[in-house]
Amino acid sequence: MEESHDIVIVGGGICGLATALALHRKGIASLVLEKSETLRADGGSIGVHVNGWHVLEQLGIAAELRETANLVTAFHDVWQEEKKSTLTTVRKELRWLKRKDLIVTLAKNIPAGAIRLGCHIAAIHPSDPGAVLATPGGRVIRAKVLIGCDGSNSVVAKYIGMSAARSTPHTFLRGFTRYPHGHPFGDHFLRLRVNKRWFVGRSPITDTLVSFFVACHIPSADAGVTNDVRATRHFVLQELQGLQCPAEILQMIQNSDPESLNVVAKVWYRPPWQVAFAGFRKGTVTVAGDAMHTMGSYIGQGGSSALEDALVLARSLARSTARSGGRADEPCDKTMIVGAATAIGEYVRERRLRVARLSLEAFAMGTLLRTKLLATKLFCLAILALLGTMALGHTNYDCGRL
Ligand SMILES: Cc1cc2nc3c(=O)[nH]c(=O)nc-3n(C[C@H](O)[C@H](O)[C@H](O)COP(=O)(O)OP(=O)(O)OC[C@H]3O[C@@H](n4cnc5c(N)ncnc54)[C@H](O)[C@@H]3O)c2cc1C
């Protein structure tokens, strides 16, 4: 019941799989431990901006993924109550990918046997080097290097002493709707503010498939949300109908594929000051993706920044392997482990400012949507203007070559 590995990644979501693939491309083996029995592909679609596409290029899977999703060329913002709308051109690459396509494409490029499903890490204990992981079934896994890509409620983040992520009540219904004869929405992403509480997003995936979400700034219990996604859809439809939401939106939700529906009841985030000052490393243990800087959906950068983390971490570890004179495919020896601690330190330094800035932007956007205080609104707007959030300044970041 005891085994030992050089590099272990906890969590087989976007970040864990991208890290394993990035390491693999550098000739370094790792083992991904995922608690679900299957790769988790729920959650509808994910908007990937140009900074995320840069990483997918480096991982060698961008061309394949581009085949699955159309380019989005503009944001169509509509304020229903104010009867106002604007169209903003998107100048750089933006596509909404089906999460399933992204996860499956990452996974199939990772060597067979490097992803272990149904492996829940319940506890982590210190060891030198690395850490010892334990499953509820009593299995013990020794990891010389441990990377926590286990999302917002990360057991690895807790082990290295980070405080718990915070959450805010929010209700999201997400899903896909198929239009067998083609949809009429072109290549625009619709952002419809129905009123101060209800918000609808709709993005084209292909000519016949759109993905949507309905967001509501009220706790899910008050929004009549249960575990029954069809009941939630029914509730959402009734509410939107009462608010005179356009028929094409109601039809899209009504005709959505019930199997694709997914409800999110909380949005997790780490406040920017936490991200700016947290210790992201303990020896050769670190975190990446949502485990490091969960930021919800407010600026649509959680996934793309997780891809950036994966690239930078793999690059740093590969450099340390080369520096210590070892071959990447050889087992880690003592010098390489010392090198790994330095490499992780470099990774944390390189990522800190970037993820702190994204967390600040997401935090300001989330606060702006929730607050009723004029002064707070103005303060948030000033931060967003200063950082160029509305002009998608954050998407211009290039994390470099793998
Ligand atoms: C409503 C919503 C919309 C969003 N839209 C966008 C968007 O358009 N664009 C964008 O870039 N981002 C978006 N995001 C954010 C994005 O989804 C996340 O940032 C991204 O999925 C993070 O990936 P991850 O791999 O770090 O974490 P996760 O996707 O949470 O993956 C963590 C994995 O770890 C596994 N795990 C957890 N604990 C353990 C354990 N103890 N042992 C073993 N395995 C474990 C989980 O099962 C899971 O598979 C959105 C988020 C929300 C909530």
Side-chain angles (χ1 to χ4, degrees), residues 8-20 31-53 55-56 69 72 94-99 102-103 106-107 115-124 133-136 139 141 146-159 165 167-168 170-175 189 191 199 201 203 211-216 262-270 287-310 355 358-359 362 366 394-395:
V8 171
I9 297 167
V10 181
I14 294 171
C15 189
L17 297 178
T19 305
L31 175 68
V32 179
L33 306 176
E34 166 57 45
K35 68 179 176 186
S36 305
E37 294 294 335
T38 54
L39 283 175
R40 284 183 50 196
D42 55 349
S45 65
I46 183 159
V48 179
H49 287 272
V50 61
N51 55 313
W53 283 104
V55 179
L56 297 174
V72 169
L94 170 61
R95 293 170 203 265
W96 256 261
L97 291 175
K98 282 204 264 178
R99 279 180 194 255
L102 178 54
I103 291 282
L106 286 165
I115 304 172
R116 189 177 299 168
L117 298 171
C119 185
H120 182 190
I121 299 308
I124 303 180
L133 316 179
T135 69
R139 184 175 282 277
I141 302 163
L146 174 62
I147 305 168
C149 298
D150 46 343
S152 309
N153 294 300
S154 166
V155 63
V156 181
K158 192 171 170 201
Y159 168 76
S167 70
T168 166
H170 230 90
T171 306
F172 277 93
L173 175 69
R174 304 185 282 187
F189 180 72
R191 298 187 290 202
F199 183 89
S203 63
S211 125
F212 70 87
F213 67 82
V214 183
C216 179
N262 166 271
V263 177
V264 177
K266 277 180 187 167
V267 173
W268 293 94
Y269 69 97
R270 285 191 185 278
V287 280
D290 273 13
M292 189 189 212
H293 48 70
T294 181
M295 61 183 82
S297 57
Y298 299 113
I299 59 167
Q301 274 292 337
S304 293
S305 60
L307 291 170
E308 291 175 6
D309 293 342
V355 294
L358 290 176
S359 300
H394 49 257
T395 67

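Here, residue 1 is the first one in the sequence, and each next residue gets the next number. We count ligands from 1, going down the list as the structure has it; atoms in each ligand are counted the same way. Please read these numbers as outputs of a predicted model, since none were measured by experiment.
Given atom 42 (N) of ligand 1, the protein heavy atom at minimum distance is Ile121 N, 3.1 Å. Residue, atom and distance of the protein heavy atom nearest to atom 1 (C) of ligand 1 are Arg174 NH1, 3.3 Å. The protein atom (non-hydrogen) at minimum distance from atom 34 (O) of ligand 1 is Gly11 CA, 3.2 Å. At the top of the distance list for atom 31 (O) of ligand 1, counting protein heavy atoms only, stands Gly13 CA, 3.6 Å. In terms of protein heavy atoms, atom 37 (C) of ligand 1 is closest to Asp150 O, 3.3 Å. Looking at atom 46 (C) of ligand 1, its nearest protein heavy atom turns out to be Arg40 NH1, 3.4 Å. Atom 19 (O) of ligand 1 has its closest protein heavy atom at Asp290 OD1, 2.7 Å. Remark: minimum distance from atom 28 (P) of ligand 1 to any protein heavy atom is reached at Gly151 CA, 4.3 Å.
Panel note: side chain Trp53, backbone Val48; a donor-acceptor pair is recorded below 3.5 Å. Side chain of Asn262 to main chain of Arg174: no donor-acceptor pair is present (N/O by atom type, distance under 3.5 Å, no hydrogens or angles). In this structure, Thr19 contributes its side chain and Cys15 its backbone to a donor-acceptor pair below 3.5 Å.
Contacts of Cys149 with ligand 1, taken as heavy-atom pairs under 4.0 Å, involve the backbone alone. When heavy-atom distances to ligand 1 are checked against a 4.0 Å cut-off, Val10 comes that close only through its side chain, counted from C-beta outward. Contact annotation for Val155 and ligand 1: only side-chain heavy atoms (C-beta onward) come within less than 4.0 Å of the ligand. Contact annotation: for Ser36 versus ligand 1, heavy atoms closer than 4.0 Å belong to the side chain alone. Heavy atoms of His49 found under 4.0 angstrom from ligand 1: none, in either backbone or side chain.
Side chains of Ile121 and Asp150 form no contact here, defined as non-hydrogen atoms less than 4.5 Å apart. Contact of the Leu39 side chain with the Ile115 side chain is registered, since non-hydrogen atoms from C-beta on lie closer than 4.5 Å. Taking 4.5 Å as the limit, every side-chain heavy atom of Val10 sits out of range of all side-chain heavy atoms of Ile124. Using a 4.5 Å heavy-atom cutoff, the side chains of Asp309 and Val355 are in contact. Contact annotation: the side chain of Ser304 never approaches that of Val55 to less than 4.5 Å [non-hydrogen atoms, C-beta and beyond].
Judged by the shortest distance from any of its heavy atoms, Ser305 lies outside the 4.0 Å radius around the atoms of ligand 1. Residue Val267 places no heavy atom under 4.0 Å from ligand 1.
Summarising the geometry, atom CG belonging to Asp290 is positioned 12.0 Å from atom CE belonging to Met292; distances are rounded to the nearest 0.5 Å. Rounded to the nearest 0.5 angstrom, Ser305 OG and Ile299 CD1 are separated by 7.5 Å. Taken to the nearest 0.5 Å, the CG atom of Leu17 stands 8.5 Å off from the CG atom of Leu102. Here the CE atom belonging to Met295 is positioned 4.5 Å from the CG atom belonging to Leu358, to the nearest 0.5 angstrom. Rounding to the nearest 0.5 angstrom, the gap separating the OG1 atom in Thr38 from the CD1 atom in Ile103 is 10.5 Å. We find the OG-OH distance between Ser152 and Tyr269 to be 12.0 Å, quoted to the nearest 0.5 Å.
Comparing heavy-atom distances from atom 25 (O) of ligand 1 across Cys15, Ala215, Ser154, Ser297 singles out Cys15 as nearest. Heavy-atom proximity to atom 40 (C) of ligand 1, evaluated over His120, Met292, Arg116, is greatest for His120. Taking all heavy atoms of Met295, Arg99, Glu34 into account, the minimum distance to atom 14 (N) of ligand 1 is reached by Arg99.
Residue Gly303 places at least one N or O, backbone or side chain, under 3.5 Å from an N or O of ligand 1. Close N/O approach between Phe172 and ligand 1 is not found [any backbone or side-chain N/O within under 3.5 Å]. Checked by distance only, ligand 1 and Gly47 come closer than 3.5 Å through their nitrogen or oxygen atoms. Geometrically, ligand 1 and Lys35 share a nitrogen or oxygen pair separated by less than 3.5 Å.
Listed by number with element, the atoms of ligand 1 under 4.0 angstrom from any heavy atom of Cys119 are 42 (N), 43 (C). The distance from ligand 1 to the heavy atoms of Ile14 drops below 4.0 Å at these ligand atoms: 21 (O), 25 (O). Annotation for ligand 1: atoms under 4.0 Å from non-hydrogen atoms of Leu33 are 43 (C), 44 (N). Each of the atoms 11 (O) of ligand 1 lies under 4.0 Å from some heavy atom of Ser304. Each of the atoms 26 (O) of ligand 1 lies under 4.0 Å from some heavy atom of Gly289.
Residues passing the side chain to side chain donor-acceptor pair (under 3.5 Å) test with Gln301, sequence neighbours excluded: Asn51. With sequence neighbours excluded, the residues that form a ring pair (Phe, Tyr, Trp, His ring centres under 6.0 Å) with Phe199 are Phe213.
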